[in-house]
Colleague: 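Okay, handing you the structure first.
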Amino acid sequence: MLAAFTSRYGGVSTPPFDTLNLGGGAGDDPAAVDRNRQLAAAACGRQAAGLAWMRQVHGPDVSYAAAGSPRPADPLPAADAIFTDAPARTLGVLVADCAPVLIADPLARIVGAAHAGREGMAAGVVPALLRAMTGAGADPARMRAAIGPAICGGCYEVPAQLRERIATAVPEAGCVTRQGSPGIDVGSGVRAQLDMAGVRAVSRDPRCTAETPELYSYRRDGRTGRFAGLVWLAC
C-alpha cells in the first residue's frame, strides 16, 4: 500500500478554500478543484484520471472501484467507503474534521478508504469496508490501516444526548472535552472498530484538524475546503 494525506497548501484555490482544496461540493471554483486534484495526483506519482471519489453521505455503504478510468459523466457512487484491486486506481476520501481511514491487504493486493465521520462511524462504515474487502479475498489479520487527521475528542464538543447516542453504538467514541463538556472522539472509535475486527497493524495521525492550521477544519472555519486521504496499490 502507498498512501498520503494532503494538506491545504500547494494548490490554486483562493480564500476561503486556499489553496489545495480537493472537495468539489464546498463551493469552490470547479476548475480550481480539478487543477488541485491533478496536482495532488502528480505529487503522488499517479494519474488524475485514475482517481476514484465518492459522494459521501455519512452512511455505511461501500463501493467498488473497477479497473479503467471513469467517464466524466459517470455519477459518483453514494457511499462512504470504497475499495479496489485495480493498480491504476487511486482511492480518495475527502474530510475536514471526519477521520479518513486507509486500509490495505498487501498479500491480497486490495486497498480501501473510508470516510468515518460521527454518523458514519456509528453506522459502521469501517466494519462494512472490512467485510467488503474480506469478501474480495483480504484478511483482517494481514491488513494495515492508517487513521488520518481528524478533530480530536478534546475539541469535539456535542450535546450530551448526541454523545450518548454515538457512544451507545461505539462506546470508545464517547469522551469529555478539555472544557469538561460532552465530546466525541471519532479516531478512538475507529481504532476500537479496527481492533474488534482483528486489524492489528494500525497507525493514527495525532494531528487534530481544529488545532492544525495546515489542515481544513469545518468546525473551526465553517466555509472551507477539504483535504484528502489517498491510497493505491504499489506496482
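Count residues from 1 along the sequence. Worth saying up front: this structure is predicted, and the values here are computed from it rather than measured.
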Colleague: With a 4.5 Å cut-off on side-chain heavy atoms, are Glu119 and Ile166 touching?
Modeller: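 Side chain of Ile166 against side chain of Glu119, heavy atoms only: contact under 4.5 Å found.
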
Colleague: May I have the list of side-chain donor-acceptor pairs in residues 92-105 shorter than 3.5 Å, sequence neighbours left out?
Modeller:
from, atom 1, to, atom 2, distance (Å)
Asp97, OD1, Thr209, OG1, 2.6
Asp97, OD1, Ser217, OG, 2.8
Asp97, OD2, Ser217, OG, 3.4
Asp97, OD2, Tyr218, N, 3.1
Asp97, OD2, Arg219, N, 2.6
Asp105, OD1, Leu107, N, 3.0
Asp105, OD1, Ala108, N, 3.1
Asp105, OD1, Arg142, NE, 3.1
Asp105, OD2, Asp139, N, 2.9
Asp105, OD2, Arg142, NE, 3.0
Asp105, OD2, Arg142, NH2, 2.8

Colleague: Between CG of Leu215 and CZ of Arg207, what distance do you get to the nearest 0.5 Å?
Modeller: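 Between atom CG of Leu215 and atom CZ of Arg207 there are 4.5 Å.
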
Colleague: Taking the side chain as every heavy atom from C-beta outward, state whether Ser63 and Arg55 have any pair of such atoms under 4.5 Å apart.
Modeller: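 Not in contact.
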
Colleague: I need the Leu22 CG to Arg35 CZ distance, nearest 0.5 Å.
Modeller: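 Leu22 CG to Arg35 CZ: 12.5 Å, rounded to 0.5 Å.
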
Colleague: Evaluate the criterion side chain to side chain contact (heavy atoms under 4.5 Å, CB included) for residue pair Ile151 and Cys208; output intermediate values, then yes/no.
Modeller: CA-CA 5 Å; Ile151 190 169; Cys208 169; 4.2 Å; yes

Colleague: Could you check if a side-chain atom of Thr6 sits within less than 4.5 angstrom of a side-chain atom of Asn36, using non-hydrogen atoms only?
Modeller: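 Thr6 vs Asn36: side chains apart.
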
Colleague: Test of understanding: clusters of I, L, V, M, F, W, Y form through side-chain heavy atoms closer than 4.5 Å, transitively. Do Val125 and Ile147 belong to the same one?
Modeller: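 In one cluster: yes.
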
Colleague: Just checking, any donor-acceptor pair under 3.5 angstrom between side chains of Ser188 and Arg204?
Modeller: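 Distance-only check passes for Ser188 and Arg204.
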
Colleague: Is the backbone N or O of Thr224 less than 3.5 Å from a side-chain atom of Arg226, with the two atoms forming a donor-acceptor pair by type?
Modeller: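 Yes, Arg226 side chain to Thr224 backbone: donor-acceptor pair under 3.5 Å.
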
Colleague: When hydrophobic residues are tied together by side-chain contacts of less than 4.5 Å, even through go-betweens, does Met133 share a cluster with Met54?
Modeller: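 Hydrophobic grouping puts Met133 apart from Met54.
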
Colleague: How far does CG of Asp221 sit from CZ of Arg223, to the nearest 0.5 angstrom?
Modeller: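 Here the interatomic distance stands at 12.0 Å.
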
Colleague: Which pair of heavy atoms, one from Ala114 and one from Val126, lies closest together, and at what distance?
Modeller: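 Smallest interatomic distance, heavy atoms only, reads CB-CG2, 4.2 Å.
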
Colleague: Determine, for Asp28 against Arg8, whether the closest basic-nitrogen to carboxylate-oxygen distance falls under 4.0 angstrom.
Modeller: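 Not counted as a salt bridge, because no side-chain N and carboxylate O are separated by less than 4.0 Å.
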
Colleague: Let me confirm one number: the OH-CG distance from Tyr156 to Asp185, rounded to the nearest 0.5 Å.
Modeller: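 Tyr156 atom OH to Asp185 atom CG measures 11.0 Å (nearest 0.5 Å).
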
Colleague: Can you list the steps and then say if Gln193 with Met121 is a side chain to side chain contact (heavy atoms under 4.5 Å, CB included)?
Modeller: CA-CA 9 Å; Gln193 290 175 324; Met121 175 197 62; 3.8 Å; yes

Colleague: For Arg200 and Asp195, indicate whether the former's side chain and the latter's backbone hold a donor-acceptor pair under 3.5 Å.
Modeller: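 Flag set: sc Arg200 to bb Asp195 pair under 3.5 Å.
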
Colleague: Under the salt bridge (charged side-chain N to carboxylate O under 4.0 Å, His left out) rule, collect the residues that match up with Asp34, sequence neighbours excluded.
Modeller: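 Salt bridge (charged side-chain N to carboxylate O under 4.0 Å, His left out) list for Asp34, sorted by chain: empty.
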
Colleague: Walk me through it: do Tyr64 and Asp85 pass the test side chain to side chain contact (heavy atoms under 4.5 Å, CB included)?
Modeller: CA-CA 9 Å; Tyr64 170 71; Asp85 53 5; 2.6 Å; yes

Colleague: Within the structure provided, determine whether Pro182 and Glu164 are in side-chain contact (heavy-atom separation under 4.5 Å).
Modeller: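 Counting from C-beta outward, Pro182 and Glu164 never come under 4.5 Å.
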
Colleague: With side chains defined as the heavy atoms from C-beta onward, is the minimum distance between Cys44 and Leu230 less than 4.5 Å?
Modeller: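 Side-chain contact under 4.5 Å: yes.
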
Colleague: Start with the C-alpha distance between Arg163 and Arg118, add both sets of side-chain angles, then the distance that settles side chain to side chain contact (heavy atoms under 4.5 Å, CB included), and finish with yes or no.
Modeller: CA-CA 10 Å; Arg163 181 186 64 179; Arg118 180 189 73 217; over 6 Å; no

Colleague: Using atom types as modelled and distance alone, determine if a side-chain donor or acceptor of Glu157 lies under 3.5 Å from a backbone N or O of Thr177.
Modeller: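 Checking the backbone N and O of Thr177 against the side chain of Glu157, no donor-acceptor pair under 3.5 Å is found.
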
Colleague: Is it the case that one hydrophobic cluster holds both Leu20 and Phe17, taking links as side-chain heavy atoms less than 4.5 Å apart, direct or via other members?
Modeller: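 Not linked; separate clusters.
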
Colleague: State, to 0.1 Å, how close Val199 and Ala145 come at their nearest heavy-atom pair, and which atoms those are.
Modeller: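 Nearest pair, atom of Val199 first, then Ala145: CG1-CB, 4.1 Å.
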
Colleague: Look at the side-chain heavy atoms of Ile, Leu, Val, Met, Phe, Trp and Tyr, link any pair under 4.5 Å apart, and say whether Leu130 and Val111 land in one connected group.
Modeller: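 Leu130 and Val111: separate clusters.
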
Colleague: Testing the basics here: between Gly112 and Val231, what is the closest heavy-atom pair and its distance to 0.1 Å?
Modeller: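 Result for this residue pair: O-CG1, 3.7 Å.
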
Colleague: Take atom CZ of Arg46 as the centre, draw a 6.0 Å sphere, and report whether it contains more than 12 heavy atoms from other residues, nucleotides or ligands.
Modeller: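 Above 12, so yes.
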
Colleague: Within a radius of less than 6.0 Å around CD of Gln47, do more than 12 heavy atoms belonging to other residues, nucleotides or ligands occur?
Modeller: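 Counting neighbours around CD of Gln47, 12 or fewer heavy atoms of other residues, nucleotides or ligands fall under 6.0 Å, so no.
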
Colleague: Write down the atom of Trp232, the atom of Ala3, and the distance for their closest heavy-atom approach.
Modeller: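 The answer is CZ3-CA, 4.1 Å.
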
Colleague: Is it the case that the side chain of Arg89 and the backbone of Ala67 share a donor-acceptor pair, with hydrogens and angles ignored and the cut-off at 3.5 Å?
Modeller: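 Side chain of Arg89 to backbone of Ala67: no pair is present.
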
Colleague: Output the distance between atom CG (Asp61) and atom CG (Asp80), rounded to the nearest 0.5 Å.
Modeller: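 The CG atom of Asp61 sits 8.0 Å away from the CG atom of Asp80.
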
Colleague: When hydrophobic residues are tied together by side-chain contacts of less than 4.5 Å, even through go-betweens, does Leu91 share a cluster with Val62?
Modeller: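 No: no chain of side-chain contacts under 4.5 Å links Leu91 to Val62.
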
